[in-house]
Each structure stands twice: as structure tokens, then as C-alpha cells.
J.: 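Take this structure first; my questions come after.
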Amino acid sequence: MRTFLKPLLAQDPRFVSFYAPIFQSLTGKNLLKLGQQVHAQMALRGFEPDAYLGAKMVAMYASSDDLDSAVAIFHRVNNPSTLLYNSIIRAYTLHGFSEETMEIYGRMHCLGLKGDNFTYPFVLKCCAELSRIWIGKCVHGLSLRVGLESDMYVGTSLINMYVKCCDMSDARRLFDKMTVRDVSSWNALIAGYMKDGEICLAEDLFGQMPGRNIVSWTAMISGYTQNGLAEQALFLFDEMLKKDSRVKPNWVTIISVLPACAHSAALERGRNIHNFASRIGLESNVSIQTALLAMYAKCGSLLDARQCFERVRQTQNNLVAWNTMITAYASHGRGSEAVSTFEDMIVAGVQPDNITFTGLLSGCSHSGLVDVGLKYFDYMKTVYSVEPGVEHYACVVDLLGRAGRLAEAKDLISKMPMQAGPSIWGAMLSACRKYHNLEIAEIAASCLFILEPENSGNYVMLSNIYAEAGMWKEVDNLRVLLKAQGVKKNPGCSWTEVNGKAHLFLGGDTSHPQAKEIYEFLLDELPKKIKAAGYVPDTSFVLHDVSEEEKEHSLTTHSEKLAIALGLLNTSPGVVLRVTKNLRICGDCHTATKLISRIYKREIIVRDLNRFHHFKDGNCSCGDYW
DNA sequence: TTAGGGTTAG
């Protein structure tokens, strides 16, 4: 081509109308090669894209994740337009480059190019991502000036921006002012209220909204799950299937409801949802498999969890799945499996992150792998370039504390580069209880009382330490303090699924229809059998300064014992009993459950606040180290 | 070319 022809051709509108639809049709990764060929041919002909064609080309490259080429084209265009800027803003936003988007938007603004209904939603998404509410407010002002306040996309994006920046009052004000609302505007506000813990306000909106789609239902379900309201989440999931046949649950719905099963340890419910996901063709989804993995692990079935992991491994090398598997082993006290899974992950070429190390270190801690844990704590920074956070220090304090190395743990706390939080002092206090160190216990407890005055668990823990030392006066003083502070004690409760139905017990609970049978078993049959096997009630776990006989009675009716009794009375031999407790299992229940597993030849899996205990043949998977 | 729901840890 003669050089003098090039400027002429560059002006030729026929070239634009020729190439634009071609580039527009070549979107997606598998068409990238073709797009590159057309681009090369165009360049050979000496044709430089104008703003319109440039926008199409930017979109094409962005759709196949070739952001570098998209950016290069953007910079070559001489007279940029709003359309061109929109295309690069879209490309950056969809690839998670929020900072770059903001920079480009700033440049657009300086050039005097006006943003439009396509610009603002992306820019606002980035403001939300970066929590830049002040820029979001400027965009809000600008959109009002150019008359875009009534655009549904801009309006909903503004609501979402306020929601993500934790400004619910402005989000609500905007919502109330909107003349035309879309189902998405309602959804954004519902999600905001749920995130804020304002369940009733979210429920009100959900009740009032004119039409619901799958996102509305999912926002409610995930909101319940995230606020610990597992029962409501599961109920609403069923309601959705029953009442709204038009909505089709998708993968987000499934991964939102699964944590509710995990939370309530409802294994059968979880299995049903798993089957449901398979029936609607979602089983191959990696996020669903990972959520299933977590659910099975939290419901006590490591075998099912591992199967989900293997399914993910067949197709993907996914960081979240590795992390979930490592964490699953850790919570089940399978430290060496957590370590070997971590090593497999490294061999598979996946870069670990902060969550990987939280799982790995807690796995070492729960299994007493002290030196291995300390080695990985060192490696995380030196070998894997992951900066230890407060949660990792908490794991190491726990690791040292459980092994009785209290002085080293205390030393580590004093050398931490950040302020010690509740997790650190909580781990220290537990260690002090195990090793009867009153002096450090009082230091840890006094920090905890300042850091989280509302947490009754800390008062109870110190009270237990005093009680074990026979310091009843201090126990009483603490009780007075608890009352004066207005702290409500968190009552211990346990639950179990028997033949697919959940049963909840409080300590000393007599409200269950089978209470008579349960109490006869616990007060008569069981003591005879376990005492014959060498059981001595460990009354040091009882708080009150009362007679030994009364202490023993109070132990006998701990909620976990009631739940185990119900399971033994209602299931056939060979059925694994699964019990979940909202607090840590007490030492006496731990001893008794080991004996029950031997005498009644039952596998019993107890999930407590921190971990799993697998009782079998008179032993526990924690090796009495918890 | 545009908005809304998101699995792992704590």
C-alpha cells in the first residue's frame, strides 16, 4: 500500500462500517485468534481505528481477557469519545481493576467528556468496591445534573454504592425518591439491610415488593444464613420452591443455602439439597462443589467432603477448594492430613493465601503438631510471601498454649506487630485453664473483659479456672461483676438429627417428649455401666459451690448427654450419632462419651464450638488434646 | 456496552 493513501483511508467511513460489525461479532475467548487476524489485516491496510471502531475493538479484546491489547488500542485513538471511554471502563471493571477504572474516569472528566447511563454504573461499582463514598457522592451529584437520576441502572447502582459503603440511610432515601423502581432496586436494598443485620426491614421490603425474582429470594436466603438464622434460610428455600414456580434456583442460590445446613449440622437436609442441585444440572459447578465440601465437613462427614474435593480436582485446581479441604481436616483434628493436603497443593502449583495458613496452623494446633506448625508459621512469610495476620498469631498462641508452652505464647504476644485482639487472649485463657496458670489467666481475662465486655464465655472460663482451684469467693465476685455489667450468660445447648428430624436440648432440659425415657437412661442405666468401666464424675467442670451429689446431677444432664441419649434410644446399632454443641464440650462429657462409644459400640461425632470429636471404641480423635 | 444475590477463615 502506498504511504500517501494511508491518511485518506484512515478517514474513510466505509472502513469503519466494514470492520465494526466484524469486531462486534468476534467476542469471546475462542474467537480471539480470528479477531487478531482481522486486526492485523486492518493494520496492514494502514487503517487506524476511530473512537467508534476503537470501542468495538476494546470490547472484543476485553471479552477474551486480553486486557493489554484493549488498553493499547484505547491509547492509540486520537479523538476519544464517551463510547470509547465506556468500553475501557467496562473492560477494567469487569476484570476487577477498580483503581484503574477510577483513574480513567478521572481523565475522562478532565477532557470534558460527559459520562452517561453506561459510564456511571461501572464507576459506581468501583466506588463501592474501593469504599470511596465521597467519589460516589460526586457521581451522584453529576448524574442528577445530567438528568440521569431516573435511570434505573444508575439509580440501582447508586443504591448499591451506598449499601456497600455502609450508608443505609442514604440508600433508603434514594430508594424512596425513585419514581420508577425495578426489582433490582428492591434487591439491592434488601441485601443492604441483611448485611446490616436489619432482618425485619429486609423482611418488610421482601413482603411489599411487587414482583420477586431469583435474586430477591437468594438475597433473603443468604441474608438469613449470614445472620446465623439457619432455620429461616432453610424454610424460605422450601417456600420458594413451593410457592414460586417461576423462579429457578441457580448456583448462587445453592451456595447461599448450604451454609445453613452446615450451621445446623443438618446432614440429611444437606444431602437433599445436593441431590436437588444434581437434578437441576448444577453439580459440576466448582463453587457448588466447594460449598458442598464445606457443608459435609461441618456436618461431620469427612468422607463426603473428600469426594466433593476429588470432583473439583478432576477439572480444576481451585484455591478455595484446597483451602476448604485443609480447613475441614483441621477442624476434624486430622492435622497430618491437613499438612499433606497443603503439600499436595504446593506440588499442584497453587499459591497459598492467608486462609490456607489459618487452616493449616489450626490443624497443627488441634493435633498437637507444635514444631510442624511453628515451621509453617515461619515459612508463610519467608517461603510463601504471605504476611501473618492476627488470626495466624492466634493459631500459634493456641498451638503453644495447648502444648503447655505458656511463657513462649506470652512472649509471642508481646512481640506481635499488631494489637492483640480477642482471639489471641481467648486462646491464651483456654491454655491457662488447661495448665492451671492463674496468673496469666487473670491478665488474659482482664484484656478480654475490656475488648469484649459482652462475651459471657470469658467470664465463664475464668470462673471455671477459679472453681477448679476451689476459689469460690472469686467465683462469686465474678458472678456479681457479670450481673453488674448486665452480661447474659450464653446457655449451653446441643442438637442432633434423629431419622432426619432435628432435636434441640438445653442443659437440664425436660421439655422433650421422650424426656422421661432419656432421664431414666442417664440417671439409672448409664451411670451403672460407665462407673463399672471406671468412670469417675469430674465435678471440677461444675460452676456452683454446691454439694458433690448436686454437682454430679448437673453434669449428668448436660445438653450433649441428653442429645446422645436420645440418639441411642431411637436409632439402630451401627448408626453414627452426630451431635452439635454451641459451646466447647466439657471434660466430663468427653470422658463419658468415650466410654459410651465403647460400651454401646457406637461411633459418636460431636461438633463443638471449635472442632470435631470422633468418639469410637473408647477413644476420641482429638487424643484428649483440645 | 449498563444494575441486584456469592462458596473457604474468624
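The analysis underlying the following values was restricted to heavy atoms, covering all of them including side chains, and did not include hydrogens, waters or symmetry mates. From a predicted model like this one, the values you see are computed outputs, not experimental measurements. Residue numbers begin at 1 in each chain, while the letters A, B, ... track the order of the sequences.
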J.: For a quick check of understanding: with a heavy-atom distance under 4.0 Å over all strands, which category does A:D182 fall into, base, sugar-phosphate or nothing?
T.: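 The residue A:D182 makes base contact.
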J.: Are any non-hydrogen side-chain atoms of A:L158 and A:S143 less than 4.5 angstrom apart?
T.: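 They are in side-chain contact.
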J.: Could you tell me if the ring centre of A:Y162 sits under 6.0 Å from that of A:H140?
T.: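 Here the rings of A:H140 and A:Y162 have centres that are less than 6.0 Å from each other.
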J.: Output the rounded distance in Å from CD1 (A:I214) to P (B:dA3).
T.: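 Rounded to whole Å, this separation is 19 Å.
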J.: Check whether the aromatic ring of A:Y153 stacks on the base of B:dT2, taking stacking as ring centres less than 5.5 Å apart and planes within 30° of each other.
T.: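 The ring of A:Y153 is stacked on B:dT2.
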J.: Provide, to the nearest angstrom, the distance between the OH atom belonging to A:Y162 and the C1' atom belonging to B:dA3.
T.: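 Distance check: A:Y162 OH to B:dA3 C1' gives 16 Å.
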J.: From B:dT1, B:dT8, B:dA3, pick the nucleotide closest to the side chain of A:I355?
T.: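 Of all the options, the side chain of A:I355 is nearest to B:dT8.
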J.: Rounded to whole Å, how long is the line connecting atom CE of A:M57 with atom P of B:dT1?
T.: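 Computing the A:M57:CE to B:dT1:P distance gives 16 Å.
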J.: What is the distance, to the nearest angstrom, from the CG atom on A:L292 to the C1' atom on B:dT7?
T.: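 One finds 10 Å between C1' of B:dT7 and CG of A:L292, rounded.
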J.: Distance alone, cut at 3.5 Å: any donor-acceptor contact between the side chains of A:T119 and A:D116?
T.: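 Short answer, yes.
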J.: Checking all strands, does A:N86 fall into the base, sugar-phosphate, or nothing category for heavy-atom contacts under 4.0 angstrom?
T.: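 Result for A:N86 = base.
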J.: Do the side-chain N or O atoms of A:K298 get closer than 4.0 angstrom to the phosphate oxygens (OP1, OP2) of B:dT7?
T.: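 False: A:K298 side-chain N/O out of range (4.0 Å or more) of B:dT7 OP1/OP2.
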J.: Ignoring backbone atoms, test whether A:Q226 places a side-chain nitrogen or oxygen under 4.0 Å from the OP1 or OP2 oxygen of B:dG6.
T.: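 It does, given that an N or O in the side chain of A:Q226 lies less than 4.0 Å from OP1 or OP2 of B:dG6.
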J.: Just checking A:F118: base, sugar-phosphate only, or nothing, at a heavy-atom cut-off of under 4.0 Å?
T.: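 Result for A:F118 = base.
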J.: Name all pairs fulfilling the salt bridge (charged side-chain N to carboxylate O under 4.0 Å, His left out) condition that reach into residues 311-333 of chain A, sequence neighbours left out, sorted by first residue then second.
T.: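 Residue pairs with at least one partner in residues 311-333 of chain A: A:E283-A:R311.
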J.: Side-chain atoms of residues 199-210 of chain A: list all donor-acceptor pairs with protein atoms under 3.5 Å, sequence neighbours left out, distances to 0.1 Å.
T.:
from   : atom 1 : to     : atom 2 : distance (Å)
A:E203 : OE2    : A:Y224 : OH     : 2.5

J.: Quick one: A:R306 CZ to B:dT8 P, roughly how many Å, whole number?
T.: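 Distance check: A:R306 CZ to B:dT8 P gives 19 Å.
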J.: Please tell me which of the listed nucleotides, B:dG10, B:dT8, B:dA3, lies nearest to the side chain of A:P121?
T.: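 Looking only at heavy atoms from C-beta outward on A:P121, the closest nucleotide is B:dA3.
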J.: Please work out if A:T290 contacts a base, only the sugar-phosphate, or nothing of the nucleic acid, heavy-atom cut-off 4.0 Å.
T.: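 The answer is base, as A:T290 lies within the cut-off (heavy atoms under 4.0 Å) of a base atom.
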J.: In whole angstrom, what separates A:Q316's CD from B:dT7's C1'?
T.: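 Taking atom C1' of B:dT7 as the reference, CD of A:Q316 is at 13 Å.
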J.: Check the side chains of A:W322 and A:N317 for a donor-acceptor pair under 3.5 angstrom, ignoring hydrogens and angles.
T.: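 A donor-acceptor contact under 3.5 Å links the two side chains.
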J.: Atom CD of A:E149 and atom P of B:dT2: how far apart are they, to the nearest Å?
T.: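 Atom CD in A:E149 sits about 22 Å away from atom P in B:dT2.
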J.: Does a side-chain heavy-atom distance below 4.5 Å link A:S98 with A:T93?
T.: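 No, every pair of side-chain atoms sits at 4.5 Å or beyond.
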J.: Report the distance from atom NE2 of A:H263 to atom P of B:dT8, rounded to the nearest whole Å.
T.: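 Result: 12 Å.
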J.: Taking OP1 and OP2 of B:dG6, is either one under 4.0 Å from a side-chain nitrogen or oxygen of A:K195?
T.: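 It does not, given that no N or O in the side chain of A:K195 lies less than 4.0 Å from OP1 or OP2 of B:dG6.
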J.: Checking all strands, does A:T327 fall into the base, sugar-phosphate, or nothing category for heavy-atom contacts under 4.0 angstrom?
T.: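 Sugar-phosphate only.
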J.: Would you classify A:T358 as touching base, sugar-phosphate or nothing, given that sugar-phosphate means primed atoms plus P, OP1 and OP2, and contacts are heavy atoms under 4.0 Å?
T.: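 Sugar-phosphate, backbone atoms only, no base.
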J.: Between residues 245-254 of chain A and DNA chain B, which residues have a heavy-atom gap below 4.0 Å?
T.: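 Nucleic-acid contacts, sorted: A:N250, A:W251, A:V252, A:T253.
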J.: Identify whether any heavy atom of A:V183 sits under 4.0 Å from a base atom; if not, whether one sits that close to sugar-phosphate; answer base, sugar-phosphate or nothing.
T.: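 The residue A:V183 makes base contact.
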J.: Just to be sure I understand the rule, does A:A191 reach a base, reach only the sugar-phosphate, or reach nothing, if contact means heavy atoms closer than 4.0 Å?
T.: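 The answer is sugar-phosphate, as A:A191 gets under 4.0 Å only of primed atoms, P, OP1 or OP2.
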J.: Give one of base, sugar-phosphate or nothing for A:T218, where a contact means two heavy atoms less than 4.0 Å apart.
T.: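 Since a base atom lies under 4.0 Å of A:T218, the category is base.
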J.: Could you check whether A:D66 and A:S69, counting side-chain N and O atoms only, form a donor-acceptor pair closer than 3.5 Å?
T.: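 There is such a pair between these side chains.
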